[in-house]
Undergrad: 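So that we are looking at the same thing, I have put the structure below in structure tokens.
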Amino acid sequence: MNKKNIEERPSFDDYFVEMAHVVAKRSTCLRRKVGALLVKDRHILSTGYNGAPKGLKHCSETGCLREQLGIPPGERHEICRGLHAEQNAIIQAAVFGVSIKDSTLYCTNAPCSVCAKMLINAGVKEIIFEDEYPDELAMQMLKEAKIKIKKYKSGK
């Protein structure tokens, strides 16, 4: 291996954020496609993307009620058919008996307050996100819980 190949190698943050974008491609949300990875010791534990629960019609089939009602981003999560990417990553780990305690969440977007509460209780120690999400309470709770939060900036 020559020096040029080593220099072109992405950092782990670049690698995992890029993978979160690949996961987001599976999303069926009409408003925002989000991907999430839970990682520990540089190994992927679980992935998730936003969309309807298993076996239910996707928003791409039913339409988006929040969009139809003109609800702004970050509000009225309870009337959305879909689960968030972070929720699906946590659920996938639980289904397969994988502990996510002390893991890092890589996500295309910052978590909402519902996801933040779940991540706190699951023992996630760090969150690396690329794009903002309009939920100040989420950031307040994550800081209070002393979870390390980092806005991703591409190393390219």
Side-chain angles (χ1 to χ4, degrees), residues 10-54 58-60 64-96 98-156:
S11 71
F12 279 105
D13 283 356
D14 291 340
Y15 176 65
F16 290 128
V17 169
E18 187 172 337
M19 291 182 82
H21 280 280
V22 171
V23 172
K25 291 178 180 183
R26 293 279 307 150
S27 170
T28 57
C29 180
L30 300 174
R31 294 179 95 177
R32 180 190 321 251
K33 297 192 178 306
V34 180
L37 281 80
L38 287 162
V39 175
K40 187 172 181 180
D41 299 327
R42 299 180 176 166
H43 295 285
I44 297 169
L45 302 175
S46 179
T47 65
Y49 53 87
N50 54 332
K54 287 181 184 181
H58 295 286
C59 300
S60 55
C64 176
L65 181 58
R66 292 175 67 236
E67 189 72 28
Q68 292 163 11
L69 297 174
I71 297 169
E75 296 180 17
R76 303 286 318 270
H77 301 279
E78 74 277 5
I79 64 168
C80 178
R81 291 183 65 80
L83 290 135
H84 286 188
E86 304 94 322
Q87 294 168 344
N88 276 325
I90 292 167
I91 292 165
Q92 183 187 55
V95 166
F96 291 102
V98 176
S99 172
I100 58 172
K101 186 176 186 311
D102 297 325
S103 66
T104 297
L105 173 79
Y106 285 88
C107 198
T108 57
N109 291 84
C112 72
S113 56
V114 173
C115 290
K117 291 182 272 189
M118 294 174 72
L119 294 162
I120 291 165
N121 277 0
V124 171
K125 69 174 183 178
E126 181 177 16
I127 296 171
I128 298 171
F129 69 93
E130 188 168 33
D131 294 325
E132 301 288 339
Y133 189 79
D135 193 330
E136 291 178 27
L137 178 60
M139 287 299 154
Q140 290 171 1
M141 289 189 299
L142 292 167
K143 287 175 184 172
E144 184 180 342
K146 296 180 177 40
I147 292 177
K148 185 177 174 185
I149 305 164
K150 182 167 93 174
K151 185 165 176 22
Y152 169 77
K153 291 177 181 63
S154 176
K156 295 178 185 175

Undergrad: With no hydrogens and no angle check, is any side-chain donor or acceptor of N50 less than 3.5 Å from a backbone partner on S27?
TA: no
Undergrad: Any chance CD of Q68 has more than 12 other-residue heavy atoms, nucleotides or ligands included, within less than 6.0 Å?
TA: yes
Undergrad: Are the side chains of I44 and M19 in touch, meaning some heavy atoms are under 4.5 Å apart?
TA: yes
Undergrad: Above 12 or not: heavy atoms from other molecules or residues under 6.0 Å from CZ of R32?
TA: yes
Undergrad: Check R42 against F16 and note the closest heavy-atom contact, atom names and distance.
TA: O-CZ, 3.7 Å
Undergrad: Is it true that Y106 and D13 share a donor-acceptor pair across their side chains at a distance under 3.5 Å?
TA: yes
Undergrad: When rounded to the nearest 0.5 angstrom, what is the spacing between CG in L30 and SG in C64?
TA: 6.0 Å
Undergrad: Determine yes or no for a side-chain-to-main-chain donor-acceptor pair under 3.5 angstrom, with D135 supplying the side chain and L137 the backbone.
TA: yes
Undergrad: Check whether any side-chain heavy atom of M139 lies under 4.5 Å from a side-chain heavy atom of I149, and answer yes or no.
TA: yes
Undergrad: Report the C-alpha distance between K33 and H21 in whole Å, list the side-chain angles of each, state the deciding distance to 0.1 Å, and finish with yes or no for side chain to side chain contact (heavy atoms under 4.5 Å, CB included).
TA: CA-CA 9 Å; K33 297 192 178 306; H21 280 280; over 6 Å; no
Undergrad: Of all the heavy-atom pairs spanning V34 and A24, show the shortest one and how long it is.
TA: C-CB, 3.5 Å
Undergrad: Taking the side chain as C-beta and beyond, is there a heavy-atom pair between L105 and E126 under 4.5 Å?
TA: no
Undergrad: Could you check whether T108 and E130, counting side-chain N and O atoms only, form a donor-acceptor pair closer than 3.5 Å?
TA: no
Undergrad: Can you find a heavy atom in the side chain of I71 that is under 4.5 Å from one in the side chain of L65?
TA: no
Undergrad: Please report the shortest heavy-atom distance between T47 and Q92, naming the atom on each side.
TA: N-OE1, 2.7 Å
Undergrad: Measure the spacing between CD of E86 and CD1 of I91 and express it to the nearest 0.5 Å.
TA: 11.0 Å
Undergrad: I want to check something: taking the side chain as every heavy atom from C-beta on, are C59 and C29 in contact at a cut-off of under 4.5 Å?
TA: no
Undergrad: Output the distance between atom CD1 (I100) and atom CG (L45), rounded to the nearest 0.5 Å.
TA: 8.0 Å
Undergrad: About how many Å separate CG of N88 and OH of Y49, when rounded to the nearest 0.5 Å?
TA: 7.5 Å
Undergrad: Could you report the tightest heavy-atom contact between A89 and S46, atom names first, then the distance?
TA: O-OG, 2.5 Å
Undergrad: Evaluate the side-chain proximity of V114 to H84: yes if any heavy-atom separation is below 4.5 Å, no if none is.
TA: no
Undergrad: Look up atom CD in Q87 and atom CG in L119, then write down how far apart they are to the nearest 0.5 Å.
TA: 9.0 Å
Undergrad: Could you list the residues that satisfy salt bridge (Lys or Arg N to Asp or Glu O under 4.0 Å) with E75, not counting sequence neighbours?
TA: none
Undergrad: With a 6.0 Å cut-off (strictly less than), is the heavy-atom count around NZ of K148, excluding the residue itself, greater than 12?
TA: no
Undergrad: What are the two closest non-hydrogen atoms of P111 and A138, and how far apart are they?
TA: O-CB, 3.3 Å
Undergrad: Check step by step if side chain to side chain contact (heavy atoms under 4.5 Å, CB included) holds for I147 and I120.
TA: CA-CA 8 Å; I147 292 177; I120 291 165; 3.6 Å; yes
Undergrad: Should E78 and R76 count as an ion pair when the cut-off is N to O under 4.0 Å?
TA: yes
Undergrad: If I take atom CD1 from residue I127 and atom SG from residue C115, how far apart are they, to the nearest 0.5 angstrom?
TA: 9.5 Å
Undergrad: Tell me if a side-chain donor or acceptor on K150 pairs with a main-chain N or O of I128 at a distance below 3.5 Å.
TA: no
Undergrad: Do K117 and M141 come close enough that some side-chain heavy atom pair is under 4.5 Å?
TA: yes
Undergrad: A side-chain contact here means heavy atoms from C-beta on lying under 4.5 Å apart; do F129 and V17 qualify?
TA: no
Undergrad: For K40 and K101, indicate whether the former's side chain and the latter's backbone hold a donor-acceptor pair under 3.5 Å.
TA: yes
Undergrad: Grab the two heavy atoms, one from S103 and one from L38, that are nearest each other, plus how far apart they are.
TA: OG-CD2, 3.7 Å
